[in-house]
Amino acid sequence: MNFIVAATKKAIKHLYNTDIAADDINLQETRKEFDGQVTIVTFPFTKFSKKSPEQTGNEIGAYLKDELTEVSGFNVIKGFLNISLSDDYWLDQLKEEVLSPGFGVFKPNGQKVMVEYSSPNTNKPLHLGHVRNNLLGFSVAEILKAAGYEVIKTNLVNDRGIHICKSMLAWQKWGDGETPELACMKGDHLVGKYYVLFDREYKVQIEALKAKGQTEEEAKKNAPLIREAQEMLQKWEAGDKQVIDLWKKMNAWVYTGFAETYKNLGVSFDKFYYESDTYILGKDIIEEGLEKGVFFRKEDNSVWIDLTDEGLDQKLVLRSDGTSVYMTQDLGTAQLKYNDFHMDKSIYVVGNEQDYHFKVLFTILKRLGKPWAEGLYHLSYGMVDLPSGKMKSREGTVVDADDLMDEMEQTAKEQTEAKGKLDSFSAAEKERLFHIIGMGALKYFLLKVDPKKRLLFDPNESVDFDGHTGPFIQYTHARIRSVLRKAAEINANAAKSYRQLVKEERDLIVLLLRFPEIIKESAKGYSPAVIANYVYELAKTYNKFYHQISILSADDEPSRQFRLQLSDAAGKAINKGMKLLGIEVPERM
RNA sequence: GCACUUGUAGCUCAAUUGGAUAGAGCACCUGACUACGGAUCAGGAGGUUAGGGGUUCGACUCCCUUCAAGUGCACCA
């Protein structure tokens with residue numbers, strides 16, 4: 001569309017003797033209730049045209065029609081100049097862009113980006129909140145790849161700390177040697193069970209102490225269980241063999257469980273970082289910051305940074321006893337990641353409860369003069385809430401990731417079997433299809449919403465399979481494939497003689513041509529929702545096309561071939577778009 | 001208390017980043033299959049964009065303010 005902007009610049013120079021920046025020309029898609037495909041907003045031009053918006057539009061429109069063979073007509077409504085482009089133009093675009101093999105994938109841009117996501121704790125299984133995180137991270141990585149970046153997906157596993165010791169301690173006390181095999185339980189669920197058990201017993205102890213006259217705060221600090229857990233953490237840090245062995249054993253259970261969940265979710269990683277390795281990092285950065293005068297030391301020897309001039313607080317970066325806090329290790333880890341990969345950008349997919357933390361983290365790194373700090377970005381997403389409120393692992397009010405996926409597949413099975421179209425499927429094919437559809441519904445449901453918004457999930461209301469959903473789009477794909485199977489072969493040469501477009505064809509071409517810009521937009525905003533809404537729009541537009549005009553029994557062979565080709569292009573774009581969301585599309589369903 | 005985020009149809013979400021009469025889906029009502037796949041399509045009804053002020057040719061979008069919801073403000077991670 002650049003040629004229209006350029007010609008409009010010329011028109012304004014010629015008509016009104018004014019130079020205007022390309023950015024000041026506002027091009028948009030013509031609304032579907034008006035004729036045309038491209039619209040120029042002419043209100044801003046009246047300043048120098050000294051004429052009404054209508055007259056300005058008419059003058060520019062007439063100029064463009066004269067100058068550009070691609071412009072076949074125009075109309076003006078108020079300050080909107082609606083331009084129609086010729087069928088030849090659209091057919092050329094279809095051939096050169098949409099039908100070229102590389103459509104929907106940008107050439108490598110030479111930039112490297114890291115996407116850190118998932119980042120689970122190893123003391124409990126994944127829940128719906130993690131699911132949103134994982135799907136977002138994976139999808140954003142795919143989108144950035146399509147936009148031309150080299151992507152490194154990382155997972156920073158929180159595998160140490162007091163919360164891990166809680167499950168370990170509970171298992172040691174009451175586990176009686178239980179293993180995932182003996183319990184017939186996924187390892188992460190088994191460990192989670194002991195985490196919950198710890199919390200229950202801990203609460204009993206707190207109540208007992210309170211009954212003896214201690215305050216809530218005292219009781220929480222003095223309960224024998226929490227003291228034991230703290231001792232265990234100290235032993236872990238000291239490298240006590242027994243504790244380390246137990247830690248390794250239980251973490252291994254968890255990793256086996258996570259691997260299964262990740263596989264079902266369809267997500268993967270290029271590099272794992274473990275906090276047991278990284279928690280000691282960052283102290284050299286503290287030294288560096290002190291030398292540079294970015295940090296200051298208080299009398300008690302603790303180290304701080306003063307960010308009050310930016311509307312933030314003073315923030316502790318090292319304890320008075322010289323040990324690390326969260327910020328310390330994140331500073332160190334950021335440096336480690338950069339040393340490992342020298343990436344241009346680094347995306348942290350982390351919930352919005354940590355907005356402040358990342359604001360501070362990035363500010364500190366910038367003040368330290370790290371040139372790569374400009375490329376850091378916190379992809380902050382909203383919490384997933386239940387109708388009852390927030391999910392809490394310890395209180396058991398969570399939607400478990402594995403259970404949820406099972407339920408989705410089960411629902412997909414019921415829905416699909418009710419349609420009765422599976423006669424030719426083998427048992428294995430059916431299982432695979434139920435997985436594809438169930439996960440398609442779930443993933444689309446979670447990804448179509450703008451990441452920064454909080455998400456409400458009602459477990460009692462099943463995720464829809466009709467309308468604005470994953471299965472709707474998957475169905476459209478299956479339907480396209482069905483048509484193409486029946487057509488057997490597409491003759492691209494026959495399609496070339498096609499010239500006169502009908503509205504439904506043109507609408508589809510116009511929309512298909514937007515795909516690359518949509519990828520750019522979603523990559524820029526780190527938002528899979530942009531892709532999700534586009535693919536839905538595309539599927540809807542195809543369905544309209546499909547219902548409105550005949551494909552296989554078109555009036556003449558060129559029409560038939562052209563429409564088959566267009567169907568093929570739409571199917572491929574749907575497939576690519578869904579792939580960017582991490583959603584598979586079936587050939588039949 | 002301070003800071004950040006959010007508020008759009010009964011419900012779940014859009015709105016080309018300041019542009020036309022604010023669009024979809026679900027639910028509700030009416031139509032379309034001796035079939036290129038009805039998990040579809042065509043149509044109807046449903047709105048003071050939380051309230052109020054301002055900026056301008058033009059505001060869901062920007063500014064101020066009130067209200068509501070969420071999150072954060074540890075020598076926890």
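Numbered from 1 within each chain, the chains take letters A, B, ... in sequence-line order.
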Heavy atoms under 4.0 Å, any strand shown: does [X] hit a base, just sugar-phosphate, or nothing?
{"X": "A/Leu456", "answer": "sugar-phosphate"}
{"X": "A/Asn121", "answer": "nothing"}
{"X": "A/Asp321", "answer": "nothing"}
{"X": "A/Ile549", "answer": "base"}

Between A/Phe362 and A/Tyr348, is the ring centroid distance below 6.0 Å? yes
Listed partners of [X] passing ring-ring contact (aromatic ring centres under 6.0 Å, His included), at least two apart:
{"X": "A/Phe43", "value": "A/Phe80"}
{"X": "A/Tyr475", "value": "none"}
{"X": "A/Tyr356", "value": "none"}
{"X": "A/Phe465", "value": "none"}

Consider the side chain of [X], meaning its heavy atoms from C-beta on, and name the nucleotide among [options] that approaches it most closely.
{"X": "A/Phe472", "options": "B/U40, B/U6, B/G37", "result": "B/U40"}
{"X": "A/Asn543", "options": "B/G37, B/C41, B/A14", "result": "B/C41"}
{"X": "A/Met589", "options": "B/U8, B/A77, B/A39", "result": "B/A39"}
{"X": "A/Leu552", "options": "B/C36, B/G72, B/C73", "result": "B/C36"}

Check: Mind checking what makes salt bridge (charged side-chain N to carboxylate O under 4.0 Å, His left out) contact with A/Lys524, not counting sequence neighbours?
Finding: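 A/Lys524 satisfies salt bridge (charged side-chain N to carboxylate O under 4.0 Å, His left out) with no residue once adjacent residues are dropped.
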Margin query: Say we look at B/G54 and B/A59: how far apart would their C1' atoms be, to the nearest angstrom?
Written below: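 Those two atoms are separated by 11 Å.
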#### Entry: Rounded P spacing from B/A20 to B/G58 in Å
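Looking at atom P only, B/A20 and B/G58 are 14 Å apart.
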inquiry  = Holding to side-chain hydrogen bond (donor to acceptor under 3.5 Å, both in side chains), I want the full list of residues that pass it with A/Asp23, two or more places apart in sequence or in another chain.
reply    =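 With neighbours one apart ignored, the set is empty.
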Worksheet item: Excluding sequence neighbours, so at least two apart, what forms side-chain hydrogen bond (donor to acceptor under 3.5 Å, both in side chains) with A/Asp159?
Response: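 Counting only residues at least two positions away or on another chain, A/Asp159 forms a side-chain hydrogen bond (donor to acceptor under 3.5 Å, both in side chains) with A/Ser276.
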Just the table, please: protein N/O against nucleotides 43-45 of chain B N/O, every pair under 3.5 Å.
none

To the nearest Å, how far apart are [X] [atom1] and [N] [atom2]?
{"X": "A/Phe358", "N": "B/U71", "atom1": "CZ", "atom2": "C1'", "answer": "15 Å"}
{"X": "A/Tyr356", "N": "B/U71", "atom1": "OH", "atom2": "P", "answer": "19 Å"}
{"X": "A/Phe545", "N": "B/C36", "atom1": "CZ", "atom2": "P", "answer": "14 Å"}

[N] pairs with, by Watson-Crick or G-U criteria that keep both distances under 3.5 Å:
{"N": "B/C33", "result": "none"}
{"N": "B/C67", "result": "B/G7"}
{"N": "B/G58", "result": "none"}
{"N": "B/U16", "result": "none"}
{"N": "B/G47", "result": "none"}

With syn meaning chi within 90° of zero and anything else anti, the base of B/U17 is syn
- [ ] Check side chain to side chain contact (heavy atoms under 4.5 Å, CB included) between A/Asn58 and all other residues, then give those that pass, not counting sequence neighbours.
- [x]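 Here the qualifying residues are A/Phe74, A/Val76.
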**OP:** Just jot down the side chain to side chain contact (heavy atoms under 4.5 Å, CB included) partners of A/Lys540, sequence neighbours excluded, or say none.
**Re:**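 Once residues adjacent in sequence are excluded, the partners of A/Lys540 under the side chain to side chain contact (heavy atoms under 4.5 Å, CB included) criterion are A/Phe472, A/Tyr536, A/Glu537.
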So, with a heavy-atom separation below 4.0 Å from RNA chain B, the residues of residues 409-419 of chain A are A/Thr416, A/Lys419
Near-parallel close stack of A/Tyr546 and B/C36 base (under 5.5 Å, under 30°):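 The ring of A/Tyr546 is stacked on B/C36.
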Test item: side-chain donor near acceptor, [X] and [Y], under 3.5 Å:
{"X": "A/Ser424", "Y": "A/Arg588", "value": "yes"}
{"X": "A/Thr469", "Y": "A/Asp464", "value": "no"}
{"X": "A/Arg479", "Y": "A/Asn543", "value": "yes"}

Once base and sugar-phosphate atoms are separated, protein heavy atoms under 4.0 Å mark nucleotides 19-26 of chain B, 5' to 3', with B, S and - as BBS-SSSS
